[in-house]
Amino acid sequence: MAARFNLESLPSWRIVAIHVILMTAAILAIAPFVYAFLTSIKPSPEILGAPLQPITPNPTIEHYITFWTEHPFDRWVLNSLILTTGAVFASLLLDSLAGFALAKGEFRGRYGIFLLVIGTFIIPPQAIMVPLFVQMGWIGWQNTYWGIMILIISAPFGVFLMRQFYLSISDSYLEAARMAGANTFQIYFKIILPMGKSALAALAIFKFIFMWGAFLWPLIIVDSGAMFPIPVGLGLFEGQYGDTPWGQVLAASLLTAAPVLVAYILAQEAFMKGIALQGGVKG
Amino acid sequence: MLAELQANIKTIHARIDDTSWDAFTNPDSELAWYVLVGPKLFLFLTIFVFPFFFAIWMSIHEWHMLAAEHQFLGLDNYTRMLVDSRFIDSFVNTVIYTLGLTLSVPIALFLAILINKNIRGSAFYSAAIFVPVVISWVVVSLIWMWIYNPDIGMLNALLEAVGLPTSQWTRGVRTALPSLIIIGIWKTVGFNLVIFLAGLRGLPESYYEAATVAGANSWQKFRYITMPLLKPTTFFVVLVVLITAFREFTPMFVITDGGPVTATHTIVYYFYIVGFERGQMGYASAMAVVLLIVVFVISIIQQRTWGQDVDY
Amino acid sequence: MAELEITNLRKVFGDEDETIVAVDDLSLDIEDGEFVILVGPSGCGKSTTLRCIAGLEEPTSGDVRLAGQSLLDKRPSNRDIAMVFQNYALYPHMTAFGNMAFSLEMGTDLPRDEIRRRVEDAAELLEISELLEQRPGELSGGQQQRVALGRAIVREPEVFLLDEPLSNLDAKLRSSMRAELQELQNQLGVTTIYVTHDQTEAMTMGDRIAILNQGKLQQFGTPLECYHEPNNQFVAGFIGSPSMNFLEMAYTDGVLDNGHVQYHAPQSLLDHIPPNTSNLVVGIRPEHIETNADPGDQNVINVVIEVVEPMGDRTILYTSIGEEPIIISSAEEEIIEEGSEIPIHFPPDKMHLFDRTSGESLRAYERASPLAEVK
Ligand SMILES: Nc1ncnc2c1ncn2[C@@H]1O[C@H](COP(=O)(O)OP(=O)(O)O)[C@@H](O)[C@H]1O
Ligand SMILES: [Mg+2]
């Protein structure tokens with residue numbers, strides 16, 4: 001049962017106070033993005049001269065156009081799309097397979113492998129980036145899509161999430177399938193995969209956000225501008241100029257944030273569910 | 001005795017029949033499960049476990065990015081850290097940054113409790129506060145860089161407009177790190193909030209009803225029901241904040257480039273400079289090992305002090 | 001044909017440190033087409049027994065044979081057994097049709113139209129033909145129950161296993177489904193093992209009931225046998241509602257005594273008391289206690305009625321003899337006031353005698369009585 005508090009017992013001035021506090025927090029959270037957008041459509045002189053004026057009388061998309069035409073932004077977008085698609089699908093497949101085995105399988109070493117999942121959770125990815133960089137060199141994966149994606153695909157997070165979810169599926173579903181004559185793979189494809197759609201959606205969104213925003217590892221493993229995912233392109237672009245073209249920086253930032261924002265607005269439920277699952281928070 | 005023996009023989013027979021089934025169609029076959037975990041296990045071993053040991057190996061060698069030979073150094077890379085003032089600055093800054101970010105925990109708890117009172121618009125408030133979490137660090141860094149800009153940024157403009165003193169923000173030696181901490185808190189609150197909300201919604205309502213009947217006021221309910229019951233959730237949130245904050249890199253790289261001077265050097269920032277700009281991979285690996293140990297110790301301490309009754 | 005023999009079935013869970021004996025040396029011979037109820041308190045090993053038969057659990061020892069052939073080395077899907085799970089285990093992403101067809105698609109190579117025909121036949125039998133295109137989420141509990149049954153029926157198995165199939169339904173639906181299930185089983189004539197902890201289901205549904213406690217078989221017989229001739233104190237207390245009353249009594253020279261009442265046992269009872277018995281337990285069902293005895297007669301006990309619960313057709317009276325609470329279920333129409341004293345009588349032919357230490361029924365011991373025939 002959810003712990004909800006009785007509205008009737010709150011005096012109205014307290015309700016007003018709560019609204020004021022929460023509204024302030026919400027505005028603080030969103031205002032930078034809104035303000036960045038309003039600024040990105042101002043002509044350059046206004047950006048420099050009148051930072052506080054919220055709405056420009058002369059809205060323009062010049063910064064968006066300049067940025068797009070003067071930089072290989074479309075190439076970066078393409079790279080990021082390839083990377084996120086690849087990372088999301090590979091993760092969904094591998095994590096749901098492994099999560100299923102760890103939640104429902106009976107085999108020697110299951111507990112040991114689960115401990116390994118927990119153990120790799122504790123290893124900060126940054127701590128293994130130097131040797132991993134060298135390893136990628138051995139197999140020729142430096143400056144490749146595989147090399148960029150591999151760290152996100154290998155992360156233990158998804159296995160943990162999927163295992164947690166599959167644990168909540170009653171064994172009797174699998175037993176019924178077993179009695180029907182399904183083998184382990186048929187059970188995975190016909191029962192486990194379709195029954196886990198909501199968790200898979202949550203995982204897909206997480207992996208999408210991780211890959212879309214990944215910065216340090218791509219920065220390390222990529223050495224040519226043609227392979228830049230958007231964050232690397234953006235992060236390095238700003239440093240190229242003594243005099244930052246703020247209109248373009250903000251325009252590019254918002255372009256980058258837009259797909260994530262859209263995904264978030266469309267799939268809020270899945271998000272929250274995934275986070276709650278991740279927390280292992282009971283309830 | 002005899003019955004037991006017969007039974008054993010029977011189960012052995014059953015086993016033999018068992019293995020004679022095709023391993024992929026026999027639902028009890030262990031092999032099928034190994035095939036399922038196999039790929040992920042392989043990645044764990046090659047992408048996390050092997051590099052983990054490889055990092056330790058590199059950290060006791062002189063390992064330049066371009067060199068073919070790697071001379072054994074023993075613990076030299078580690079002792080070097082102790083006398084490297086840039087590393088010490090980085091370490092201290094990282095600790096301050098991490099502690100600073102824990103401020104997001106009480107803020108998030110406070111907001112979560114308000115949202116959980118379930119007044120109209122709760123869903124909107126939590127969704128809005130969560131937005132900074134999903135936006136990538138690079139975008140967040142660039143937008144805040146503009147907000148903090150001392151000359152044309154809106155923050156100083158705002159302060160000026162209301163007659164308050166302005167600041168150099170990310171460009172001042174004393175103000176740079178606190179400025180980044182503010183961004184960090186701003187970006188983290190939403191995540192903590194959602195976890196706290198999930199925790200709060202899992203608390204049994206009957207406890208509160210019983211307390212209300214017993215005449216407890218809201219503070220007492222918070223102190224004696226919410227806080228103890230939320231302990232596992234709080235444990236998790238603090239752990240995640242500490243661990244992620246301790247390895248922050250992007251805002252330091254994008255906004256301040258570790259500066260002014262070393263004011264916003266963090267361990268991972270300096271690690272990147274040493275390992276990938278200078279190519280001193282042995283020394284960088286030693287830093288990585290330190291990072292690893294610290295993160296590990298945080299997890300252990302957390303487990304010990306807070307987490308006794310937290311089960312996974 | 002398809003008689004099911006369970007011999008010395010034993011299932012032990014756990015490792016060396018801690019073992020749980022879930023099923024302990026269970027033997028049952030079930031005839032072809034028989035409806036057997038497996039009943040017992042929660043945790044007594046009913047589900048484990050079913051799962052061993054189904055092949056979902058490997059027995060520690062013992063054998064399960066169907067039509068003379070051991071099932072143990074066969075996979076679950078090859079045992080010709082269908083099972084209905086307590087939570088139905090209907091796949092939420094498949095329609096009712098998909099759920100029912102699933103096992104035929106997985107486990108057989110029947111052609112599509114044969115599968116369709118079988119599913120439609122089963123649906124007709126269960127009166128769910130219009131629901132075939134709906135998903136479990138859109139069905140009521142009772143309808144889901146029928147789909148789950150249909151899923152078992154389409155396989156045309158030799159044996160049905162049902163694990164507490166009605167426990168998720170509300171009381172009213174449960175009683176109508178009880179009758180329907182019985183009729184269905186009659187119609188199909190498939191050997192059925194039905195697990196329940198509900199003793200109404202146990203008494204009304206099956207040909208025979210097997211009563212389990214702590215993994216051990218207590219009695220296997222028809223419902224009336226178990227009711228009238230319980231093997232031991234556990235069965236006596238488990239079957240019947242309200243439960244049988246028990247009184248610990250000392251026995252000397254034809255007199256039963258518990259310090260508060262004395263009971264002069266007639267010959268019919270004495271026949272069942274072995275020599276040298278000094279202590280035993282007397283059992284009497286609430287519905288067998290007579291409340292209209294003559295106060296002056298021998299063996300009549302005067303008790304004060306503490307609580308009266310009128311149920312309509314009968315009245316439940318709560319009283320006590322010494323410390324022991326006694327429940328009486330009286331069919332008398334006369335109204336009895338709380339606090340009043342009434343004379344009650346235990347008819348000797350309705351009394352059950354049990355060994356004080358083992359709890360075994362003393363009816364197994366017979367000196368003369370030709371009536372006491374125990375399996
Ligand atoms: N997989 C298992 N591992 C360990 N113990 C089990 C397992 N399944 C059942 N048990 C134990 O075996 C006993 C019998 O369980 P079960 O057959 O489910 O009882 P019932 O169905 O009669 O309620 C219980 O004590 C239960 O805890
Ligand atoms: Mg059970």
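Note on naming: letters A, B, ... go to the chains in the order of the sequence lines (proteins, then strands), and numbering restarts at 1 for each one.
For a residue to count as touching a neighbouring chain, one of its non-hydrogen atoms must lie under 4.5 Å from one of that chain's; by this rule F100(A) touches chain B with backbone and side chain alike. With a threshold of 4.5 angstrom between heavy atoms, L22(A) approaches chain B through its backbone and through its side chain. Heavy atoms closer than 4.5 Å to chain A are found in the side chain of F249(B), but not in its backbone. Neither the backbone nor the side chain of V290(B) comes within less than 4.5 Å of any heavy atom in chain A. Proximity to chain B (any heavy atom under 4.5 Å) is restricted, for I113(A), to the side chain, taken from C-beta onward. Proximity to chain A (any heavy atom under 4.5 Å) is shown, for D257(B), by neither the backbone nor the side chain. F48(B) touches chain A through backbone and side chain together, each having a heavy atom under 4.5 Å away.
Of all the heavy atoms in H19(A) and Y125(B), the pair that sits closest is ND1-OH, 2.9 Å. Closest of all the heavy-atom pairs between V260(A) and V134(B) is CG1-O, 3.2 Å. The shortest heavy-atom contact between P51(B) and Q135(A) is CG-OE1, 3.0 Å. When all heavy atoms of F276(B) and M129(A) are compared, the closest pair comes out as CZ-O, 4.0 Å. Heavy atoms only, all atoms of each residue included: A29(A) and P132(B) are closest at O-CG, 3.7 Å. The heavy-atom pair separating A288(B) from A127(A) by the smallest distance is CB-O, 3.3 Å.
Annotation: side chain of I143(B) is not in contact with side chain of Y35(A) (no heavy-atom distance under 4.5 Å). Side-chain contact between R110(A) and Y34(B) is absent, with no heavy-atom pair separated by less than 4.5 Å. Here the side chains of L97(A) and K40(B) are not in contact, with every heavy-atom distance at 4.5 Å or above.
For the pairing with P32(A), the side chain to side chain contact (heavy atoms under 4.5 Å, CB included) check across I135(B), I183(B), I147(B), V140(B) returns one residue only, I147(B).
In this structure, I21(A) CD1 and L111(B) CG are separated by 8.0 Å, a value rounded to the nearest 0.5 Å.
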Q: Might you work through the ring-ring contact (aromatic ring centres under 6.0 Å, His included) test for W217(A) and Y272(B), ending with a clear yes or no?
A: CA-CA 10 Å; W217(A) 177 245; Y272(B) 172 79; over 10 Å; no
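Checked against a 6.0 Å centroid threshold, the rings of F33(A) and W146(B) do not count as neighbours. Residues F210(A) and W137(B) keep their aromatic ring centres 6.0 Å or farther apart.
Aromatic ring orientation, W33(B) versus F107(A): parallel (interplanar angle below 30°, classes split at 30° and 60°).
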